[in-house]
Structure formats: structure tokens, C-alpha cells
Amino acid sequence: MDFASLSAQLNVGTILPEGIVILTLLTVLVSDLIVGRVSARWTPYVAIGGLLGSVVALYFQWDTANPVSFLGGFNGDDLSIIFRGIIALSGAVTISMSIRYVEQTGTSLAEFMTILLTATVGGMFLAGADELVMVYVSLETLSIASYLLTGYMKRDPRSNEAALKYLLIGASSSAIFLYGVSLLYGLSGGETRLSVISNSILAAGTGESVGLSIALVFVIAGIAFKIAAVPFHQWTPDVYEGSPTPVVAFLSVGSKAAGFALAIRLLVTAFPLLSNEWHFVFTALAVLSMILGNVVALTQTSMKRMLAYSSIAQAGFVMIGLITSTDEGYASMVFYLMVYLFMNLGGFTCVILFSLRTGTDQISEYSGLYQKDPLLTLGLSICLLSLGGIPPLAGFFGKLYLFWAGWKAGAYGLVLLGLLTSVISIFYYIRVVMMMVVKEPQEMSQAVKNYPPIEWKLEGMRPLQVGLILAVVATSLAGVLSNPLFTLANDSVTHTPMLQSSRLTAAHPAIEESPIALAAEVKS
Amino acid sequence: MEPLYQYAWLIPVLPLVGATLVGLGLLSFNQFTNRFRSGNSVFIVSLIGAAMTYSFALLWSQLQGHAPYTQIIEWAAAGTFHLNMGYTIDHLTALMLVIVTTVAFLVMVYTDGYMAHDPGYIRFYAYLSLFSSSMLGLVISPNLVQVYVFWELVGMCSYLLIGFWYDRKPAADACQKAFVTNRVGDFGLLLGILGLYWATNSFEFDVIGTRLQDLVQSGSISAGLAALFAVLVFLGPVAKSAQFPLHVWLPDAMEGPTPISALIHAATMVAAGVFLIARMFPVFEGIPIAMDVIAWTGAFTAFLGATIAITQNDIKKGLAYSTMSQLGYMVMAMGVGAYTAGLFHLMTHAYFKAMMFLGSGSVIHGMEDVVGHDPAYAQDMRLMGGLRKYMPITAGTFFVGTLAISGIPPFAGFWSKDEILGAAFTANPIFWAVGWVTAGITAFYMFRMYFSTFEGSFRGNDSAVRNQIKAEKLQSLGLAFGPGAMNPQELMVASDHTHDDHGHDDHDHPEQSHSHAPHESPLTMTLPLLVLAVPSALIGLVGTPFHNYFEEFIHPSTEVVHEVVELGAFDWSEFLVMAASSVGIALIGITLASLMYLTRKIDPSAIAAKIPALYQLSKNKWYIDDIYNAVFVMGSRRLARQVLEVDVRIVDGLVNLAGLVTLVTGEGLKYLENGRAQFYALIIFGAVLGLVLISGVT
């Protein structure tokens with residue numbers, strides 16, 4: 001068998017986007033080894049170009065006739081394409097904001113980008129992985145790269161501490177996940193492909209066993225760790241506090257999107273039998289995440305930590321879409337994640353810019369910033385207001401769609417809780433905006449008083465500026481001109497066979513009962 | 001011809017581009033942008049000029065009989081709900097585009113001279129451009145939703161521009177007043193739009209009209225409900241076009257710079273209400289109650305505005321009340337079904353009123369050199385007089401405008417007003433009578449304004465008059481309550497502050513530069529006046545009753561069945577009677593005015609002293625502002641105080657409770673977030689175990 005026919009049989013073309021990223025990764029690594037640190041002048045643009053090229057490649061794979069490749073190990077359907085696109089884009093934006101940041105800390109940029117690209121590849125594979133081993137391997141690729149990124153500032157003890165904690169807790173959750181997966185493997189009689197597992201379990205008659213629900217909970221624990229859902233969020237404050245800010249941005253968008261992709265695929269294809277149970281568990285996670293994320297974010301004094309908790313809460317909102325399990329629910333999830341990509345990364349870019357210029361990220365230090373840097377104030381205000389869901393920004397339409405889908409599917413309790421907690425969230429987002437805008441000149445903070453003159457010429461500032469402006473423009477326009485994104489999200493769901501078939505089987509009865517019951521429990 | 005129409009969206013987009021670029025420039029590179037004053041203004045003016053040329057091309061194509069063109073894109077869709085955006089170009093649109101772009105263009109040229117010394121010169125251009133863009137967007141809107149979007153945008157621009165000199169307290173108060181008053185109307189409009197959508201499932205004008213008719217006929221919707229929706233929609237125009245009872249904002253809006261008064265508060269935005277009625281005509285037409293409400297509102301407003309305008313001393317306020325009165329005419333015309341006549345008057349009025357406002361701006365500009373940069377002095381007609389000698393171009397063009405608005409043939413106003421009066425007579429003689437009397441009053445107050453401004457001797461250096469004005473000013477400051485001030489003491493401080501500083505740009509014009517005689521304005525200001533004088537004098541000729549080109553053009557595009565003016569053969573005798581009667585009363589008004597203010601044969605103050613009640617009624621604007629102040633402002637303050645009580649007692653308690661809960665939670669969570677990795681792992685295992693147990697049980 002020659003190479004061509006082998007690759008045709010394995011349908012290698014579907015992982016072309018990942019291939020491009022890997023190639024980019026190697027280019028960055030090798031040129032750093034050969035040319036040395038001088039290469040840092042152009043390798044970031046190679047990396048960004050490679051990631052964007054991978055997005056283009058994804059675009060050409062839209063609606064491909066035969067998405068299943070590697071003998072069922074990888075599924076390049078439209079849903080995975082959307083998620084892979086989100087992950088690749090978040091990687092690109094993260095690189096654009098990290099160039100100056102990493103330069104300023106005096107560490108090597110090429111290694112940072114290599115690890116980040118590895119994490120991106122892991123996330124992209126995870127979004128399409130359709131087989132247990134594949135899932136695990138790509139999950140670990142993403143996780144291990146994330147541990148390394150977290151500890152990248154080797155001279156900073158906080159970064160070291162964060163990395164160690166992340167590694168230990170990650171390892172234990174990974175172990176739990178692996179245990180759940182192995183149970184699944186055993187119960188299905190030795191199947192590893194997600195699409196056949198549920199049928200095998202049904203055939204083996206082990207569908208009612210306690211083992212399956214243990215497997216479910218263990219698997220969910222692994223996923224919840226990735227998306228930082230309460231109570232599996234413990235690592236986030238420490239890790240977000242200690243790691244470099246661009247890493248936090250990537251963890252809160254790219255890594256989370258990968259987690260959600262895994263959640264949809266794994267739960268919908270492998271656990272249709274336990275659909276009641278997983279809906280219930282996710283409702284609990286969503287409720288806890290929304291409440292805890294928003295309430296704790298209120299009391300934060302550091303911008304980074306506030307965004308960390310707010311991203312926990314945002315994940316709670318996104319889970320509403322997962323729980324409704326309708327076409328609209330999934331589409332609203334995808335839509336929200338697309339919007340979230342821009343607004344959250346835009347916000348982080350602003351935070352990085354501010355800390356680059358002043359060296360602090362305390363919320364109180366932002367007061368009076370409008371007088372000194374209108375562009376940064378405008379960008380951060382738009383991103384934060386969008387995160388809070390103020391019309392007509394993109395976040396409002398995203399939330400509207402999520403809540404509407406949830407309401408339509410009968411998850412009234414969850415939607416009401418979502419609305420209530422968004423009101424809380426508006427408070428802490430607007431507090432920052434007010435701090436920046438309405439303060440009188442004499443109330444200006446020390447950091448703002450000593451604000452350096454605005455300078456974009458420094459190495460690495462241009463990409464940061466471009467990334468910021470793109471994110472802000474997308475955040476302000478994606479809501480009003482939402483139709484293309486909206487259609488994209490809808491198509492990605494309706495063109496994905498896995499979601500279409502599952503919807504017809506067991507998903508429906510679950511949504512009617514569990515959210516309401518749980519909402520009642522929470523209130524009492 | 002198709003490409004011409006395919007790119008028609010450029011018309012509103014061009015000024016938007018200008019506003020965005022200049023606005024962004026101001027935001028990010030303030031000093032840099034401010035250095036290029038003329039560069040920015042030339043850029044914006046040329047963009048609107050391009051839009052104007054394009055509009056003329058469209059009008060030409062429509063005149064050649066091109067079919068209406070509509071371009072729609074889907075903006076949002078959810079299930080069966082579709083929201084479309086796009087633009088439509090038909091005869092009405094083409095006409096409005098030309099009116100808006102020409103006036104906007106001329107006003108922008110004029111602004112260069114008027115605002116030359118203002119530090120906010122570029123910001124003003126950016127706002128102007130944004131407004132033009134919104135107004136053009138409103139005009140080409142194909143459905144109610146888009147109309148509403150742009151409706152709010154023009155409202156916002158108007159707010160920004162009235163409060164352009166936001167450091168002057170009256171301007172800041174006026175823009176708030178305009179905003180709040182318009183909010184009342186816009187809320188009605190929104191309710192009306194939603195109601196009509198609920199009933200007919202459509203946002204398109206024609207579709208709503210036909211479906212509503214069907215629904216009413218088939219009995220699925222009561223006629224009362226349909227009328228309610230129509231009246232709610234009409235509330236929008238009531239606020240925007242300053243009709244009674246929501247007219248109170250328009251006179252105060254004159255605190256804005258004069259080019260704004262000409263563009264927004266005379267020619268375009270206030271006419272948007274009339275335009276909306278014209279667009280909604282297919283809906284209103286089938287609902288007699290709504291038509292009656294419209295007609296009565298218009299007639300009453302026309303009369304109210306005219307009677308108040310008689311006693312105004314501020315030249316811009318006088319013009320503002322006159323605008324209100326003329327808008328009343330247009331609305332009345334719509335109400336009696338004279339669709340074309342109303343639009344015709346809209347067009348003629350846009351030109352001559354814009355010209356007169358610009359003329360008044362030119363006068364103020366000239367007066368400021370003599371009396372200083374205080375609007376209370378520079379705009380007061382008691383300090384003017386004899387200005388024709390000093391500013392001949394301004395006086396000449398203003399005179400043309402005065403003749404036009406008074407309805408003297410062959411000036412523009414005569415033809416349009418006469419058409420409205422003719423239509424009103426056919427519909428209901430009462431409307432005719434009101435319009436006729438109002439026409440007389442109009443001629444009187446306009447000539448009073450003209451004579452006291454441009455004729456006689458110059459009184460600008462008369463210290464007695466100045467002292468009188470100063471006394472009035474202080475008195476009004478003591479009595480006036482700003483909408484924003486909750487605390488009377490705060491108010492006193494604010495008012496003290498206000499009459500300490502004189503005007504917005506004193507530092508640009510030091511006191512010693514004051515001269516004793518006003519001067520003619522620069523060419524950039526007089527040229528627009530001269531240009532506008534041409535349509536003010538002649539545009540009426542396209543709508544003469546013996547050959548009404550205007551009606552032929554406007555009428556077919558809307559498929560409105562109205563037979564009021566469409567009588568086939570033209571009746572000379574009827575026309576002569578109507579024309580003679582309206583010219584007659586205008587002449588009476590002019591004669592009275594000249595006797596009182598030109599030759600001073602009759603002493604106006606003696607008449608005022610004889611009928612003090614009527615004089616005070618007019619002078620105090622029928623006490624409407626005071627009534628609103630007592631009922632709404634005071635009422636809402638009382639309500640606010642009660643709400644404050646509730647807020648302090650209950651809401652604050654809840655907030656404190658929430659704060660306490662958060663604090664306790666935070667303290668509790670501190671023990672969970674203790675930074676020890678083994679403890680975190682314990683929580684994870686505990687949570688897993690708990691979830692297994694719970695999901696196992698359920």
C-alpha cells in the first residue's frame with residue numbers, strides 16, 4: 001500500500017488545519033534554534049499567519065462530504081470546525097497580545113509560542129476527537145502545554161506555585177477522567193469509538209448499571225475541570241493570579257472552548273442513555289458556576305482575578321445552551337463562544353496593555369484612565385459592557401440567544417437565575433467602566449498620573465494594537481450585524497449528524513423535568 | 001440606471017463616514033485633528049456635497065419616470081420572525097433626499113463662518129455630519145423598525161447639538177428638556193409600532209395599511225383599537241414635529257447654535273414627523289378618528305404657535321414658534337387628507353425657514369460685536385433695528401423669507417399655504433378658518449420681526465433697553481427650575497455661576513473689541529442665504545394650482561386615493577376667492593405690523609396694556625410650560641422623593657443585606673480557597689463522590 005492510498009483511506013485531509021499549525025510550530029522552533037533570538041522579530045507573525053491559515057483551511061472544509069477520518073478516531077464535522085476555528089483564533093489573538101508582554105519579562109518568545117501552539121493543536125484535536133484514546137491524548141496535550149505555559153515565568157515564584165498546583169490538581173482530575181473512560185471502555189465491551197459505545201452498552205445490557213453513572217460523573221469531572229465549572233474551579237484563582245496574563249486569556253477562551261466541544265461530543269454520542277443524569281449534573285454545575293462566579297467576582301480587587309471569576313460565570317451561562325439540548329441551544333452556545341472570544345480576548349488585551357504601561361492590574365488603579373488614554377478606555381469599556389450584556393454590543397445578543405433558547409426549551413429556572421446573575425455581573429463590570437470614565441482629574445490614581453506617553457512603535461505593540469482594535473470592532477458590530485455569525489452557528493449545528501440523530505432519541509424528556517426541579521431545589 | 005439605484009445606500013453612508021473618521025480622529029488624536037480645522041470641514045462638506053449630487057441624480061431619474069426601487073437585506077431572523085433592513089427610493093424619498101442634502105450642505109457651508117471662532121468647530125462638524133447621515137437614513141427607510149432606529153438617532157443628534165455649548169446652563173437644560181419630551185413621543189411611537197406589528201404581523205407601511213383595513217372590516221380587531229395604535233404612532237410625530245401638547249421643547253432648543261436651529265429645528269428633523277405621517281398615510285387614511293386627531297392637533301398647534309410668536313422678543317424664539325405654527329399647518333394638511341399639500345408646504349417651508357434661521361444667525365453674529373457674546377442680548381430684537389444699512393444681504397434675503405412665509409404671491413409660501421387652506425376648506429370650514437386667521441397672525445408677527453430687526457434706527461447701544469433685558473434675565477433665572485436639579489440650593493449656586501460667565505467664547509473676543517455698529521457677515525455665511533433665497537422665492541411655482549407638477553410627481557408613487565384637491569378641471573373663480581382672502585388677511589397683518597413697528601402710528605404697548613390677560617397669555621406661552629412644571633416636574637419630584645424614601649428604607653436595606661451575605665460568603669469561601677493543593681484535590685474528589693451519590697439517587 002503506497003502513501004497516497006493510505007492517506008486517502010485514513011482521510012488525512014480533515015486534519016490539514018492541525019497540520020498547518022504543527023508545521024508552523026516546527027518552523028518557529030527550528031528557526032529559533034538555528035537563527036537564535038533574532039528570529040523573534042518575525043516568528044510571531046509566522047505563528048499568527050499559520051493560525052490564520054489554519055482557519056482558512058477550516059473554512060474550505062466546511063460541509064465536507066466525508067468528515068470521519070483515521071478509522072473513526074477524528075471527526076471533522078461542522079461543529080468541530082467551528083470549535084477548532086474558535087480555538088485557532090484565540091491562539092492567534094493570544095500570540096498578538098503576548099509578544100510585547102513576553103519580551104518585557106525577558107524570557108524567550110519562541111518557546112512560549114511553541115508551547116502555546118502545542119496547546120492550540122491539542123485543543124483543536126480535542127474538538128474533533130471521536131475516540132476515547134484520541135480524546136485522552138489530545139486532552140493531555142492541551143493540559144500539559146497549559147501547565148508549562150502557567151509556569152513560564154520561571155523567575156516568578158507565584159508562577160511556579162501556580163504551575164505546580166495546576167499540575168497536581170490537573171493530574172488528579174485527569175486521573176478521574178481516565179478512570180471514567182476506562183469504565184466506559186469496559187461497560188461497552190471494549191469499544192473506544194464514541195459513536196458505537198452507546199449501542200454496545202445497550203447491547204451488553206449494562207445501561208442501567210451504577211457503573212455507567214459512575215463513569216458519567218467521572219468523565220464530567222474531567223470536563224468540568226477544563227471549563228472551570230464550580231466546584232471543579234478551585235485551581236482557577238491561583239492559576240490565573242500566578243500565570244502570565246496572555247496565558248490566562250488563552251485558558252479562559254481557547255481551553256474552555258475545547259472543553260465545551262468535548263462536552264457536547266462525549267455526552268451527546270456516548271451517554272444518550274443517561275441523558276437525564278448528565279442534564280441534571282450539568283444543571284447543578286451551571287447553577288453553582290453562575291452564582292459563585294458572579295458573587296465572588298464582585299469582591300475582587302485585581303482585574304485579572306475579576307476576569308477569572310467572571311469567566312467561570314460566563315461558562316455557567318454557556319452551559320445553559322448545553323443543557324437545553326435543542327438545535328437552538330447548541331447554536332446559541334456556539335454563537336456565544338464566538339462572541340465571547342472577541343470580547344474576552346479584547347478585555348484581556350486591554351488589561352495587558354494597561355499593565356505593560358503601568359505595571360499594575362489593580363482595579364482601583366484604573367481610575368481616571370479616560371483622561372490619559374481614551375482608546376484603551378474605549379476598548380476596555382466596550383469589552384466589559386459586552387461581557388455584562390449591555391445592548392447593542394455583541395454580548396447582549398449572545399446572552400439573549402442563550403436565554404431565549406433556554407426559555408423555549410422550558411428551562412425557566414435556569415434562565416431566571418441567569419438573568420439575575422447577569423444583573424449582578426453588570427455591577428462589577430460597570431464599576432470598572434465608571435472608575436475609568438467618570439472620575440474627576442484629581443481622583444486619578446497614582447498609576448494613571450504617572451501614565452507614560454502613548455507609544456505604539458515599540459517592538460510587539462503593533463500586533464497588540466491591531467488585535468485590540470479588531471476585537472473591539474468585532475465586539476461592537478457582531479451584535480448588530482449578527483446574522484452571518486448567527487447563520488454560521490445554526491448551520492454548524494444543523495449540519496452535524498451527531499446532534500441531529502441524538503435530538504430525535506433520548507434528549508427530549510430530560511430537559512422538561514430536570515432544570516425546573518433543580519431550580520426549585522436551589523431556591524429552597 | 002440600475003447601478004445608480006444599487007449604490008443609493010451611499011447617500012447616508014457618506015456623511016456617516018465623515019462623522020466616524022473625524023469623530024475617531026477627535027477621540028484618539030485630539031490635538032492633531034484640531035489643528036486641521038479647514039481640512040476637516042472641507043472633507044465633511046465635500047462628502048455631503050457628493051451625497052447631494054447623488055440625490056439630485058436620483059431625483060432626476062425619478063422625474064424621468066423610473067420605477068420605485070427597493071433593496072432589502074435580512075438583518076436578523078429567528079424562526080418565522082424576519083427583520084429586514086434596506087432602503088427604498090421612490091418619488092417621496094427622492095424629494096426628501098434633495099431637500100435634506102441641499103439644506104444640510106448649505107448649513108454646513110454657513111457653519112464655517114458662524115462657528116469660526118468656536119473651540120468646538122470640528123466637533124460641531126462631526127455632529128452635523130452624523131445628524132445628516134441619520135436623517136438621510138430615516139428618509140430612505142423601507143419599514144417602521146428602521147424608521148424607529150433612525151428616529152432615535154436624529155433625536156440623539158438633536159440632543160447633542162442643542163447641548164453643544166453644554167457649559168451654558170440654559171443649553172444643558174434645553175437639551176434635557178428636548179430629550180425627555182421626545183422620549184414621551186417616542187415611547188408612544190414604539191408602542192404604536194409594536195401594536196401594529198401585533199395586529200398585522202408586518203413592519204411595512206403598505207402592508208400594515210391594507211392588512212389593518214381587512215382586519216377591521218372582518219371584525220377581528222375593533223376600530224377603536226386600530227385608532228388607538230394609529231394615535232400612538234402619531235405621538236412620535238407630535239413630539240418630533242413639536243405639536244401641542246409636546247411642543248414645549250422646540251423653543252428652548254434654540255439654545256443650540258443657530259446652524260442647528262436652521263437644519264434640525266426648522267428644515268429637516270422637525271419635518272421628519274410630517275414625513276412619517278406621509279409614510280404612514282396608507283395606515284392613517286383608513287381610520288377617520290386618527291385623521292381627525294391629526295387635523296385638530298395640527299390646527300390647534302398652528303394657532304397656538306402663531307399667537308405666542310406675536311410677543312416674543314428673542315428673534316430665534318420667535319422663529320421657533322413660527323416653525324411650530326407652520327408645522328401645525330403641515331400636520332393639519334395631512335389630517336384633512338391633503339397629502340400633497342402638506343408635503344409641498346414641507347418643502348417650501350424647509351427652504352424659506354432654513355434661510356430665515358440662517359439670516360437670524362447672521363444678525364446675531366453681527367450683533368455679537370456690539371453687545372457681546374450673550375444670547376440674551378445678541379438675540380433680543382429690542383436691541384436691533386436698522387440693520388438693513390449694515391447688513392444688506394441678510395436683510396434682503398430675510399425679506400424674501402418674510403414675504404414667502406406671509407403668503408404673498410408669487411413667493412413659495414403662498415402656493416403651498418393656499419393649497420392647504422383650499423383643502424382644509426373642502427374638508428371642514430373650521431380648519432380653514434383657523435388656518436386663515438393664523439395666516440393673518442403669521443404675516444403680522446413676521447413683519448413685526450422684520451421691521452424691528454432691519455428697519456428703523458439701531459438701538460444696540462441703548463443702555464435703558466439693556467438694563468430692562470438684564471432685569472428680565474435675572475428674574476427668569478430666579479424662577480426657572482432646571483430639570484436636573486433636585487436641590488434648590490444647588491440650583492441657586494448654579495444660577496449664580498451662570499450669570500457670572502458670559503457666553504461660551506468670551507476669551508476669543510475680548511471686551512475691548514466691541515464696536516458700535518454691526519457688520520455684514522462673511523461670504524461663507526451670506527452665500528448660503530443668497531442660494532436659499534432662490535427656492536424660497538421660486539420653488540412654489542412647481543405647485544401652482546393651474547399646473548401642479550409637484551402633485552403629479554408626488555402623488556402616483558404612493559397610490560393614495562385622495563380626491564380633495566384632485567378636481568380635474570381647474571376652477572379659476574374658486575382659486576381667486578381663496579387666494580384673495582388669504583392674501584387679504586396677510587396684507588391686513590402686514591399693514592398692522594407696519595403701523596405698529598415701522599411708522600409707529602399705533603403703540604403696541606398701549607394695546608398690550610388694554611388686554612393684559614391676552615397679552616400675558618401669549619407672552620407666557622399660554623402658561624403651558626408653567627403647567628407642565630407644576631404637574632409633571634413637581635409631580636415627578638414629589639414621586640422621586642417618595643421613591644427615595646422607599647429606596648433608603650427598603651432597597652438600601654436589601655443591598656446591605658446582600659453585602660453582608662457576600663461578605664459572609666467571602667469569609668466562608670476563604671477557607672475553601674486556602675491555596676493548599678491537596679485540599680483542592682479533596683474537594684474535587686468530594687464533589688465527584690457527591691455527584692455520583694445524587695445522580696445515583698435520582
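All values derive from a computational prediction rather than experimental measurement. Below, read A as the first sequence line, B as the second, and so on, with proteins coming before strands; counting in each chain starts at 1.
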Greatest number of heavy atom pairs closer than 4.5 Å to chain B - which of A:V480, A:I220, A:I214: A:V480
A:P374 portion near chain B, given a 4.5 angstrom heavy-atom threshold: side chain
Look up atom CE in B:M85 and atom CG in A:N483, then write down how far apart they are to the nearest 0.5 Å. 11.5 Å
Are more than 12 heavy atoms, taken from residues, nucleotides or ligands other than A:Y370, located less than 6.0 Å from that residue's OH atom? no
Examine whether an atom of A:L168 lies under 4.5 Å from a heavy atom of chain B, and if so say whether it belongs to the side chain, the backbone or both; otherwise answer neither. side chain
Check whether any side-chain heavy atom of B:V692 lies under 4.5 Å from a side-chain heavy atom of A:F218, and answer yes or no. yes
Looking at B:F43, I want to see if its CZ is surrounded by more than 12 non-hydrogen atoms of other residues, nucleotides or ligands under 6.0 Å. yes
Roughly how far, to the nearest 0.5 Å, is the CD atom of A:Q234 from the CG atom of B:L682? 10.0 Å
How many angstroms lie between atom CG of B:L691 and atom CH2 of A:W278, to the nearest 0.5 angstrom? 15.0 Å
Can you tell me how far OH of B:Y680 sits from OG1 of A:T236, rounded to the nearest 0.5 angstrom? 8.5 Å
Got a second to check how far A:S213's OG is from B:L693's CG, nearest 0.5 Å? 10.0 Å
Shortest non-hydrogen contact between B:V688 and A:A221, atoms and distance: CG2-CB, 3.5 Å
Please lay out, stage by stage, how B:F685 and A:I176 fare under the test side chain to side chain contact (heavy atoms under 4.5 Å, CB included). CA-CA 9 Å; B:F685 286 114; A:I176 297 176; 3.3 Å; yes
